[in-house]
Amino acid sequence: MKIIQAQTEHLDTVRTLFQEYQSDVNQGGNCECFEGFEDELASLPGNYSKPKGIIYLAFASEDYSKSTNAIGCIAIRPRDGKPKEAEIKRLYVRANKRGSGAGQHLLNNVFMFAKMNKYSALFLETTATMQAAKSLYDSYGFEQAKSNNSNIECYQYAFKQDEKKK
């Protein structure tokens, strides 16, 4: 497995994975976390652009040109109006590769990126149906935060000054 930063030539693969993620999460109806999703797809990398944001892809092989070799993705962007905080978005691993450690590897890369960019806190949203993801977030020390939406669970992570790498 190899984790890479998505480049311009990977944006179609990113769109495919984001759409699979949407389909996976949104099975029960219209999740508010997908408001503006079509615009997000059309404008990629959009808010995930460097230097303050990034999209990572996980590949099963060294051939990064085939979207079928991509097994997962994750993105991070600054939070609106809060330049020292970031939001993790679109952590997704294809069903046939879940349990492979891809989610952990993707999350590790986001943590390194957040530290390099001196973010003080990370936020993310998930749904009650995503138990494996919630277990992963718990293992990293994310804590549940208040949500204004009963269908979405929010989590936050605050970096400590003396924190060691996971």
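Heads up: numbering here begins at 1 and tracks the sequence.
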Salt-bridge present (Arg98, Asp24; N to O < 4.0 Å) | yes
Whether Tyr140 and Phe111 hold their rings parallel, tilted or perpendicular, with breakpoints at 30° and 60° = tilted
For Leu17 and Ala70, which heavy atoms make the closest approach, and how far apart are they?
-> CD1-CB, 4.0 Å
Hey, does the Lys NZ or Arg CZ of Lys52 hover above the aromatic six-ring of Tyr119, less than 6.0 Å from the centre and inside 45° of the axis?
-> yes
Between NZ of Lys89 and CD1 of Ile55, what distance do you get to the nearest 0.5 Å?
-> 12.5 Å
Less than 4.0 Å between a side-chain N and a carboxylate O, is that true for Glu87 and Arg77?
-> yes
Verify the ring-centre separation between Phe123 and Phe142: is it less than 6.0 angstrom?
-> no
Is it true that a side-chain atom of Arg90 and a backbone atom of Phe18 form a donor plus acceptor pair closer than 3.5 Å?
-> no
Look at the side chain of Ser135 and the backbone N and O of Gln131, then say whether any donor-acceptor pair between them is shorter than 3.5 Å.
-> yes
Glu143 side chain to Gly141 backbone, donor-acceptor under 3.5 Å | no
Can you tell me if Ser120 uses its side chain to pair, donor with acceptor, with the backbone of Lys84 under 3.5 Å?
-> yes
Kindly compute the distance separating OG1 (Thr13) from CG (Leu44), expressed to the nearest 0.5 Å.
-> 11.5 Å
Any side-chain heavy atom of Gln104 within less than 4.5 Å of one from Leu136?
-> yes
Side-chain donor-acceptor contact under 3.5 Å, Asn108 with Tyr56 = no
